[in-house]
Amino acid sequence: MKRLLGFLLLAHSFFLSAEAMAQGLPAPSYWKNERGSELLVWSTNSGAIQGTFTNHAQGFACQGIPYPASGAVSPTGLYFVVTFAQCNSFTRWVGKINGSHMPTSWTLFYVDKNGKPGKLKGADTFTRVW
């Protein structure tokens, strides 16, 4: 009975680590993009991403402040969203993990000084630091 229980625990552990590797986003992990912005992933529990994002992109407001990042990861890709409350904007990144790189496309939704909504699109590649 003890052997069977030990085997089942070992098998369960193997399946959990295989699921985490299939999703490809380790937690904790720290990522940086070519603009110097940082993504710290705390958790990918059950595929739900939790972490913080700090903007360092020149030409954009709300720099140097860690904001909550949340989203989801699956074997086919990932997304995460950051709400920059002080700047009346939020950004959604969509991408895939490719080894130590995470190529993404992003859409920034904002409200300008006149109250008019707008959006910008672009791309970032995050590189895993640790």
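Along the sequence shown, the residues carry numbers beginning at 1.
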Answer yes or no: does atom CG of Asp112 have more than 12 heavy-atom neighbours from other residues, nucleotides or ligands under 6.0 Å?
yes
Rounded to the nearest 0.5 Å, the CD atom of Gln63 sits from the CG atom of Asn55 at a distance of 5.0 Å
Joint cluster assignment, Trp106 & Phe126, ILVMFWY side-chain distance < 4.5 Å
yes
Looking at side-chain heavy atoms only, is the closest gap between Leu120 and Tyr110 below 4.5 Å?
yes
Are Arg92 and Val94 packed together at the side-chain level, in the sense that at least one heavy-atom pair is separated by less than 4.5 angstrom?
yes
Gap between atom CZ of Phe90 and atom CG of Leu108 - 0.5 Å precision:
9.0 Å
Check for me, please, whether Leu40 and Val129 land in the same ILVMFWY cluster - side-chain distances under 4.5 Å, paths through other members count.
yes
Would a distance-only check, ignoring hydrogens and angles, find a side-chain to backbone donor-acceptor pair under 3.5 Å from Ser46 to Ala48?
no
Residues Val82 and Ala69: closest non-hydrogen pair is CG2-CB, 3.8 Å
With a 4.5 Å cut-off on side-chain heavy atoms, are Trp31 and Ile97 touching?
yes
For Pro66, which residues count as a side chain to side chain contact (heavy atoms under 4.5 Å, CB included) partner, sequence neighbours excluded?
Thr52, Thr54
With side chains defined as the heavy atoms from C-beta onward, is the minimum distance between Phe53 and Phe84 less than 4.5 Å?
yes
Is it the case that one hydrophobic cluster holds both Tyr79 and Phe109, taking links as side-chain heavy atoms less than 4.5 Å apart, direct or via other members?
yes
Same cluster or not: Tyr67 versus Leu39, using hydrophobic residues (I, L, V, M, F, W, Y) connected whenever any side-chain heavy atoms lie under 4.5 Å apart?
yes
Identify the heavy atoms of Gly77 and Lys96 that sit nearest to each other, and give their distance.
CA-CG, 4.1 Å
Is there a continuous path of hydrophobic side-chain contacts, each under 4.5 Å between heavy atoms, that joins Ile65 to Tyr30?
no
Does any non-hydrogen side-chain atom of Gln50 lie less than 4.5 Å from one of Asn45?
no
Are Phe80 and Val41 packed together at the side-chain level, in the sense that at least one heavy-atom pair is separated by less than 4.5 angstrom?
no
Return the minimal non-hydrogen interatomic distance between Thr125 and Pro103, and the atom names on each side.
OG1-CA, 4.0 Å
Under a 3.5 Å cutoff, is there a donor and acceptor pairing between the side chains of Thr91 and Trp93?
no
Nearest heavy-atom approach of Ala27 to Ser43 is CB-CA, 3.7 Å
Can you tell me how far NE2 of His56 sits from CZ of Arg35, rounded to the nearest 0.5 angstrom?
13.5 Å
Is there a side-chain contact between Leu25 and Met102 in this structure, where contact means two heavy atoms from C-beta onward sitting under 4.5 Å apart?
yes
